[in-house]
Colleague: 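One structure, pasted below without further comment.
Reminder, nothing fancy here: chain letters follow the sequence lines and each chain counts from 1. No hydrogens, no waters, no symmetry mates; every other heavy atom, side chains included, goes into these values.
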Protein chains: 2
Amino acid sequence: MPKITIKDIAVESGFSLKTVSRVLNDEKYVKNSTKEKILKIIDDLNFEPDYFAKNLKSKKTRTIGLILGDIENPYYSSLSKGVIDYLEMRDYTTMLCNTNYNSEICNRYINALISKEIDGIILSSLKVPDKTIDKIISKNIPLVLIEVEYESFPDLDCINFDSYGAEVLAAEYLISLGHERIFYLVGPKILDVDVRVKGFRDTLKKHRIIFDNSYFSEPLISFEDGYACVKKMIESKSGFTAIIAVNDFIALGAMKAVYDMGLEIPRDISLIGFDDIKYSSISRVPLTTVSEPDYELGRLSAERLIRKIENPKERILPRKITIKPALIIRDSCKPNRFPN
Amino acid sequence: MPKITIKDIAVESGFSLKTVSRVLNDEKYVKNSTKEKILKIIDDLNFEPDYFAKNLKSKKTRTIGLILGDIENPYYSSLSKGVIDYLEMRDYTTMLCNTNYNSEICNRYINALISKEIDGIILSSLKVPDKTIDKIISKNIPLVLIEVEYESFPDLDCINFDSYGAEVLAAEYLISLGHERIFYLVGPKILDVDVRVKGFRDTLKKHRIIFDNSYFSEPLISFEDGYACVKKMIESKSGFTAIIAVNDFIALGAMKAVYDMGLEIPRDISLIGFDDIKYSSISRVPLTTVSEPDYELGRLSAERLIRKIENPKERILPRKITIKPALIIRDSCKPNRFPN
DNA sequence: CTGAAAGCGCTTACAG
DNA sequence: CTGAAAGCGCTTACAG
């Protein structure tokens, strides 16, 4: 069965290709009666326009790419939902690209997206080489960043979160409870994790707390990583009295390790996360953490992207929206029993 | 700057369009020296083939669609990861379609996918109208189902999980602990939730336990739904001694409600989930549940789909793979204090 | 190993 | 309001 094309519709209806095309694209200047007639034939013949032929000229795919670190992390799944829900409403479809924090995969995805000529890209918290960003810009593809900044491109649209301030909040809280030996669970380098680490370090310094590299873990990605790392930490009797995790996903893995080792939170060790994912409120010990509005972050960035796509001429101010953190105090921290 | 096309490459190299095309597609029968020469020019001119023109004839997009209920549910995010990881390895990209369990959205996605001429579809646990399946089949689009069956299409490829057996396991366990008044937290209708409910009902019947519609909740979707439903249940002093939730996501919301109402698990109420998501092992009370290998389910279905796509002639047996459930006993259930 | 021609199924100017 | 022609940037089938 050969494919039905607009030519068939044209022949059947007695109108020209162009008129059929007009009806298809809901353009003006078509007499109502001819419109109806053509619509009926389209329906009868079950015709559907060919995606590729259509885009060969007009180049609008109504799909956008969302690039993120790890969909298994609830922070990202909630953020994705924020993006997808909004785009769905606007009749766009989204291509979700899961990089596993691997910059090579990330690059491959960006190239794939570009070659599929998607209408825009949302890049969530990943630090890719300047060259890659350059490519996106030079192709004139609308781009919105979430929670990353690029020094070389200060004008990029960005929905930001004050991660620095968040970690200051977390560290100050722990220090106010008398903790000085605080272990920091670091995230992968491709994340802009440096500003978080800096918030932590600066706060320790401010309080004249001496620290060294042993206060920082290797880069961790998953729940399981958090688990393994903290288990080792406990086994080595390091003497830390508190832990800050770069995100709740890892914090929850850490919490599991503490319990599996026969210890308790916060009795033996205090723990603070980052994100406030759902599961932190119903974890073994409700987790004290810094809340980040993941769903809204996603939604905001989607709104912004669509606005850029649909009004290419409107000069949207490259205003960075920065969302403020809030410390959610639950039960995973307590005063240090043995202050120095 | 006008777009660079293969014509430019042809002119520059002195070869024909076809030869350039051959190099691009890595076809045989190109002299090595000409290949190198053309490759160099492609590189120099920074040429990239146009996605739409390319597919206008050959119709291979190397992208597949994954349709699921709710990416926020960890079961689905883990499953997605299984799919995406495998496809990424095989150099396919995946389009994730989040339906929020809405069959209209689901239908719209399927149409969008078809019109984008994706290479295949994975449909995860959603029951859509026969007409929709018909459309996919008639377009000859490779399809793999996860955890749904369609009576009208017994020959569809399907990676299945024995949900019926799983709920029998759960119900038997609770009954063996002396529970008879067991509340069942039902999922959305678009899921093939009937077989789970049936496993539960049949087991009650087998033990001659009398039950009625009050044993079943309204269809629930999210963590928050589970929370609200169980809160109401407790407030109404219904007298249930145990709860089975259609998935862990909802079970965890239920758990939160129990604690927020000042009760405890399993002291006041026993709870069983379904899926064994990560967070169930580190929840307020470690959750007893039925494990389902979400990541593997995703991976298996992706493997199967690619096999169908790349060997369209090979008659893959429409063998349903059925994965067996296992009860994971943790701490959320205890013997009923007041057996009838 | 290489190429000239036709075609994929639409849309874009342009003309009326 | 409507249409004929050219073109988008590739690939296919055929010929040599």
Colleague: B:I42: what forms a side chain to side chain contact (heavy atoms under 4.5 Å, CB included) with it, not counting sequence neighbours?
Modeller: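 If we apply the side chain to side chain contact (heavy atoms under 4.5 Å, CB included) test to B:I42, skipping adjacent residues, the hits are B:I9, B:L24, B:I38, B:L39, B:F47.
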Colleague: Using a 4.0 Å cut-off on heavy atoms, which residues in residues 10-22 of chain A reach DNA chain C? List them by number, or say none.
Modeller: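 A:K18, A:S21, in order of number.
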Colleague: So what does the secondary structure string of DNA chain C come out as, 5' to 3', with Watson-Crick or wobble pairs under 3.5 angstrom, [ ] for crossing and | for pairs with another strand?
Modeller: |||.||||||||.|||
Colleague: Salt bridge (Lys or Arg N to Asp or Glu O under 4.0 Å) with B:K40: which residues, sequence neighbours excluded?
Modeller: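 Result, salt bridge (Lys or Arg N to Asp or Glu O under 4.0 Å) vs B:K40: B:D44.
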Colleague: Which residues pass the side chain to side chain contact (heavy atoms under 4.5 Å, CB included) test with B:S125, not counting sequence neighbours?
Modeller: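 Partners of B:S125 under the side chain to side chain contact (heavy atoms under 4.5 Å, CB included) test: B:Y76, B:E147, B:L191.
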Colleague: What residues, two or more places apart in sequence or in another chain, satisfy side chain to side chain contact (heavy atoms under 4.5 Å, CB included) together with A:A10?
Modeller: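 Here the qualifying residues are A:L17, A:V20.
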Colleague: Report the residues that fulfil side chain to side chain contact (heavy atoms under 4.5 Å, CB included) with A:K18, sequence neighbours left out, ordered by chain and then residue number.
Modeller: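 Residues passing side chain to side chain contact (heavy atoms under 4.5 Å, CB included) with A:K18: A:S16, A:S21, A:R22, A:E27.
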Colleague: What does A:N25 touch in the nucleic acid at a heavy-atom separation under 4.0 angstrom: a base, only the sugar-phosphate, or nothing?
Modeller: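 Contact class for A:N25: sugar-phosphate only.
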Colleague: Before accepting this row, confirm whether a basic side-chain N of the pair A:E303/A:R307 lies closer than 4.0 Å to the acidic partner's carboxylate O.
Modeller: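 Salt bridge absent between A:E303 and A:R307.
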Colleague: List for me each residue that meets salt bridge (Lys or Arg N to Asp or Glu O under 4.0 Å) alongside A:D50, sequence neighbours excluded, and say none if there are none.
Modeller: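 Checked A:D50 against salt bridge (Lys or Arg N to Asp or Glu O under 4.0 Å); matches are A:K3, B:K59.
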Colleague: Under the salt bridge (Lys or Arg N to Asp or Glu O under 4.0 Å) test, which residues partner B:K35, sequence neighbours left out?
Modeller: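 B:K35 satisfies salt bridge (Lys or Arg N to Asp or Glu O under 4.0 Å) with B:D26 only.
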Colleague: Going 5' to 3' along DNA chain C, between which two nucleotides do contacts with chain B fall, using a heavy-atom cut-off of 4.0 Å?
Modeller: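 Footprint of chain B along DNA chain C, 5' to 3': C:dC1 to C:dC8.
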Colleague: Which pairs count as salt bridge (charged side-chain N to carboxylate O under 4.0 Å, His left out) when at least one residue sits in residues 127-137 of chain A, sequence neighbours excluded?
Modeller: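 The answer is A:K135-B:E48.
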Colleague: Got a sec, which residues hit side chain to side chain donor-acceptor pair (under 3.5 Å) with A:R108, two or more places apart in sequence or on another chain?
Modeller: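 Listed in chain order: B:E88.
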